[in-house]
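Counting begins at 1 with the first residue of the sequence. Atoms within each ligand, like the ligands themselves, are counted from 1 in listed order.
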Amino acid sequence: MPTPRTALTARARTQEVDRRLEARFPGSAASLCALRHRNAFELVVATVLSAQCTDARVNEVTPPLFARFPTPAALASAPRDELEQLLYTTGFFRAKAEHLLGLAAVLCERFGGDVPSALEDLQRLPGVGRKTANVVRSVAFGLPGLPVDTHVMRLSRRLGLTRATEPVGIERALCRALPPAQWGGFSVRMILHGRATCTARRPACDECVLEDLCPRRGVALPMPAAAKRRTSR
Ligand code: SF4
């Protein structure tokens, strides 16, 4: 009698989820990333702006922003009022302007105007947490990095890929199960599946390519508010 798919180990289930989502959403992390950007600088800025904001809105705001302030040096000397006005529709515009001014200054002062690729260096930039650092690593540099956002957290729990509840614990469990070259793409595909099918309020289990793997099919599983807050950067 064949082993039920839901009885797979978490590691085997993660690998099967990866295989199926790659078939559904083929491409690299860079090609699947919804934030428009032309280089690592534009990506780190766009990712900071994406906190509590849709990618579509960020993509409306960034073209005029980068036309006016195309480099870290230009952004570091941006007039705060003008920057806040450009960021207004992304929400939390004062805090984001503060982060971007600080981020651009640190890029100029410590990194010669370049975006660093090491996780520790990226996390030193104002407004950049572990999630954003992993986005930049995997999308801009093609390096191993598995961003854990609210979708990755929710799907990992529903699919029983890990018992961890903190973003870092989830990231480590997923990274242990997958080869480093898959990390970035896996994260983006989980996000796309979370938006299209396994939504927070009403997962469309009947249409889900993971249905036979999923111990929680048909059961909405709200994420604890505290855990949700911890994924914001
Ligand atoms: S079966 Fe349902 S709960 Fe499980 S991953 Fe698919 S949509 Fe989400």
Ranking Ala196, Cys214, Ala204 by closest non-hydrogen atom to atom 4 (Fe) of ligand 1, top hit is Cys214
*asked:* Counting backbone and side-chain atoms alike, is an N, O or S atom of Cys208 positioned under 2.8 Å from atom 6 (Fe) of ligand 1?
replied: yes
> Under 2.8 Å from atom 4 (Fe) of ligand 1, is there an N/O/S atom belonging to Cys198?
Replying inline: no
Contacts of Arg195 meeting salt bridge (charged side-chain N to carboxylate O under 4.0 Å, His left out) (sequence neighbours excluded), chain-then-number -> Asp55
Distance col, row Glu120:CD vs Arg124:CZ, nearest 0.5 angstrom, shows 7.5 Å
Counting from 1 in the order shown, the ligand 1 atoms closer than 4.0 Å to a non-hydrogen atom of Arg216 are 3 (S)
- prompt: Without hydrogens or angle criteria, can the side chains of Glu22 and Gln182 be said to hold a donor-acceptor pair below 3.5 Å?
  reply: yes
Show, in sequence, the C-alpha distance, side-chain angles and deciding distance for Asp212 and Arg20, and conclude whether the salt bridge (Lys or Arg N to Asp or Glu O under 4.0 Å) test is met. CA-CA 12 Å; Asp212 61 316; Arg20 292 194 196 179; 2.6 Å; yes
Steps toward salt bridge (Lys or Arg N to Asp or Glu O under 4.0 Å) verdict (Glu171, Lys131) | CA-CA 10 Å; Glu171 179 190 328; Lys131 182 187 75 175; over 6 Å; no
Ligand 1 to Glu211, heavy atom cutoff 4.0 Å, flagged ligand atoms 1 (S)
